[in-house]
Amino acid sequence: MVRNSAEDSTSGTATVDNNMMDPKQIEENAPAIPQKKASEYIFISALCVLVAFGGFVFGFDTGTISGFVNMSDFLQRFGQTNAEGVHYLSKTRTGLIVSIFNIGCAVGGIFLSKCGDVWGRRSGIVIAMAIYVVGIIIQIASQDKWYQYFIGRLITGLGVGTVSVLCPLFIGESAPKHLRGTLVYCFQLMITLGIFLGYCTTYGTKSYDDSRQWRIPLGLCFAWALLLIGGMSFMPESPRYLVENSKFDEAKKSIAKSNKLSPESDAVYTEMQLIQAGIDREALAGSASWIELIKGKPKIFERVIVGVVLQSLQQLTGNNYFFYYGTTIFKAVGLEDSFQTSIILGVVNFLSTFVGIWAIERLGRRLCLLTGSACMSVCFLIYSILGSVNLYINGYSNDPSNTRKPTGNAMIFITCLFIFFFASSWAGGVYCIVSETYPLRIRSKAMSVATGANWMWGFLISFFTPFITGAIHFYYGFVFTGCLIFSFFYVYFFVRETKGLTLEEVDELYATDIPPWKTSGWVPPTSEDMANTTGFAANLKPSHNHNDALV
């Protein structure tokens, strides 16, 4: 049943008065939250960016591990010794150490993100960071057993996978709707900042000749965890989580804080009506069980598939081919200090993300992804042709003197161009779409499944890349080129435009039969309709009057 929940100041229950108003009175008594300039939301924006710092934790790991596997002390402690007495990491051991993190992330994202539903988004993030710290301690304490370091990365992944679901979800539920895309994109901005600073940190510590090479970067992770945990004490809890759990007073304060209004404002009351009406429409459409991901309405299974495919394709763009193995790849093109090149890639990645932040609310989600797919496919095609046809002078070999330096420089340029298009489109655009595609009752479950697909592909790519590149070298790039071409057509035919819609209006969008390529022009129902009708769940509504059920 549908309840318009605004708490009575004395009894804690909502008043029933909508049946006694005509439509004009309802409209007058249900003012919408005013849309102010972005400068008016500096405080809540800063808090959302702090939540997005969860992405920094992931990015810092990505930026440091590519350096660790090439550091002398790391190789001596956790590697093997060849006939010449040189320490090295086998392809299997390298793949396992790098990729097990993704397995941990997948498990954490799918299962531990449930903490956000049970104890709230803030508490869920704090729990995730506590797990993350345990994993870091195990890694730092490792002496010469590679499997101890391996286990530490697995546990660290559990925490990072959890925040990779909860942070975009939390921002999507708390941010003003006209800034939601920009603020969710900040999660990707933090990832790129983490990658860049990870590269810088390993570049600064590689000159040591002992375990400080890799233990100092790992030690910094404690600071990142404490910063994120501390930030949660300032962030208001998700109003949608609070309304769903009948914590109406806290929900009013959260909405008011996010929109710079008084908790007693009529606009806050209206927003709570909209949230509660959306929750009740979802309840009419189905329960919150896992089977709901398949049978739920409207089009829940289709939306889950969209999220899974987009998150999978984000990995299949080939971005982590560069980020995880950047130093190794650029050694192959004859660069003397591949750590420096990684820093350049980190700078390009970070700065390009600002383009995505600007574009996501101006161009829309679909156009950003379509443009990114087209441009990245051209870049990877050129990169693959140069590497497989023109880079080596006398056929493939590990000898840097056997490469053509101009071709290697051209490949570095193309790589930077690829990262520019990735960071400004698919990097944050996918997180943005996934965070706003699902109804509240199954949002964390659906996001965890979608994000789990991302981590699983991340595992497969990071584990098998050493073997694949060892067998086919730069021909590997043609695989990513094909995936990018596929991604263009998938977005065009299957991804709907959700720019500027509330999370409740997204449900109504999916209830229509409008083709995805026409959804940019879709006009949502009015606030009055959203607050006082069952919308897509009308055919599932009990026979009694909807307004009679107000609590």
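Index from 1, following the sequence.
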Are more than 12 heavy atoms, taken from residues, nucleotides or ligands other than [X], located less than 6.0 Å from that residue's [atom1] atom?
X      : atom1 : result
Phe489 : CZ    : no
Phe234 : CZ    : no
Phe413 : CZ    : no
Lys91  : NZ    : no

Checking side chain to side chain contact (heavy atoms under 4.5 Å, CB included) for the pair Phe418/Tyr321: CA distance, chi angles, key distance, verdict?
-> CA-CA 12 Å; Phe418 168 87; Tyr321 166 70; over 6 Å; no

Do Ile65 and Phe101 pass the side chain to side chain contact (heavy atoms under 4.5 Å, CB included) test, and can you show the C-alpha distance, the side-chain angles, and the key distance before you say yes or no?
-> CA-CA 10 Å; Ile65 192 61; Phe101 177 80; over 6 Å; no

For residues Ile433 and Leu369, determine if any side-chain heavy atom of one lies less than 4.5 Å from a side-chain heavy atom of the other.
-> yes

List the atom pairs, with distances to 0.1 Å, where a side-chain N or O of residues 187-197 and a protein N or O form a donor-acceptor pair under 3.5 Å, not counting sequence neighbours.
| from | atom 1 | to | atom 2 | distance (Å) |
| --- | --- | --- | --- | --- |
| Thr192 | OG1 | Leu189 | O | 2.6 |
| Thr192 | OG1 | Thr353 | OG1 | 3.4 |

Under the criterion side chain to side chain donor-acceptor pair (under 3.5 Å), which of Glu173, Arg122, Arg443 is the partner of Ser238?
-> Glu173

Test side chain to side chain contact (heavy atoms under 4.5 Å, CB included) on Leu313 and Thr317 and set out the steps.
-> CA-CA 6 Å; Leu313 288 172; Thr317 59; 5.6 Å; no

How would you list all residue pairs meeting salt bridge (Lys or Arg N to Asp or Glu O under 4.0 Å) that involve [range], not counting sequence neighbours?
range            : value
residues 212-228 : Asp210-Arg212
residues 484-496 : Glu302-Arg496
residues 180-191 : Arg180-Glu436

Ring pair (Phe, Tyr, Trp, His ring centres under 6.0 Å) with Phe150: which residues, sequence neighbours excluded?
-> Trp146

Would you please name every residue forming a ring pair (Phe, Tyr, Trp, His ring centres under 6.0 Å) with Phe421, sequence neighbours left out?
-> none

Working for side chain to side chain contact (heavy atoms under 4.5 Å, CB included), residues Phe478 and Leu381 | CA-CA 6 Å; Phe478 292 113; Leu381 180 63; 3.8 Å; yes

Does Arg366 use its side chain to pair, donor to acceptor, with the backbone of Val491 at less than 3.5 Å?
-> yes

Would you check if the side chain of Tyr241 reaches a backbone N or O of Gly120 as a donor-acceptor pair within less than 3.5 Å?
-> yes

Criterion side-chain contact (heavy atoms from CB on, under 4.5 Å) against Gln311, the qualifying member of Tyr431, Trp457, Trp455 = Tyr431

